[in-house]
Amino acid sequence: MKHYSRLLTGLLLILSLDQCKQPSVPVQANTTPTQDDNMAPGNPDGARASESSPNTYLITHATYSLSYSQSTGIADWCSWH
């Protein structure tokens, strides 16, 4: 009986781990801000996701956007909703 209990527990563990996949976040093709976009309030310092602007580097994620400054090592601003 213990053997079946361990086997069932192992099977349930394997099945539950199979469901732990990272969700894929699609990249937005349109960069025009919308009401549901983190950048809807605007871009106060004109940050860009380019190595040519290390002190106003734009980082965008599904849940927030921010402007990072390499010289200070902190964010200049952050936007989320």
Side-chain angles (χ1 to χ4, degrees):
M1 185 68 176
K2 275 189 170 182
H3 178 69
Y4 291 113
S5 176
R6 286 184 182 174
L7 182 61
L8 182 61
T9 302
L11 182 61
L12 289 174
L13 180 63
I14 290 172
L15 289 174
S16 67
L17 288 177
D18 183 51
Q19 301 301 318
C20 297
K21 297 178 184 173
Q22 291 284 29
S24 61
V25 178
V27 176
Q28 293 180 348
N30 186 1
T31 59
T32 304
T34 64
Q35 180 180 356
D36 297 328
D37 185 13
N38 293 323
M39 295 296 290
N43 187 342
D45 60 2
R48 296 178 299 154
S50 170
E51 290 182 12
S52 65
S53 60
N55 292 322
T56 55
Y57 189 79
L58 181 64
I59 300 172
T60 56
H61 291 281
T63 54
Y64 67 93
S65 297
L66 65 87
S67 172
Y68 175 78
S69 175
Q70 185 179 18
S71 64
T72 60
I74 59 172
D76 295 318
W77 56 264
C78 183
S79 174
W80 70 94
H81 66 89

- Query: In Å and rounded to the nearest 0.5 Å, what is the CG to OG1 distance from Asn38 to Thr63?
  - Reply: 7.0 Å
- Taking every non-hydrogen atom, the tightest pair across Leu58 and Trp77: CD1-CH2, 3.9 Å
- Query: Between Tyr57 and Ala49, which heavy-atom pair has the shortest distance, and what is it?
  - Reply: CE1-C, 3.8 Å
- Query: By side-chain hydrogen bond (donor to acceptor under 3.5 Å, both in side chains), which residues pair with Ser52, not counting sequence neighbours?
  - Reply: Arg48, Ser50
- Message: Under the rule for side-chain hydrogen bond (donor to acceptor under 3.5 Å, both in side chains), what residues qualify as partners of Asn55, not counting sequence neighbours?
- Response: Ser71
- Query: Going by atom types alone, do Ser67 and Asp45 pair a side-chain donor with an acceptor below 3.5 Å?
  - Reply: yes
- Message: If I compare all heavy atoms of Ile59 with all of Tyr68, which pair ends up nearest, and what's the gap?
- Response: CD1-CB, 4.0 Å
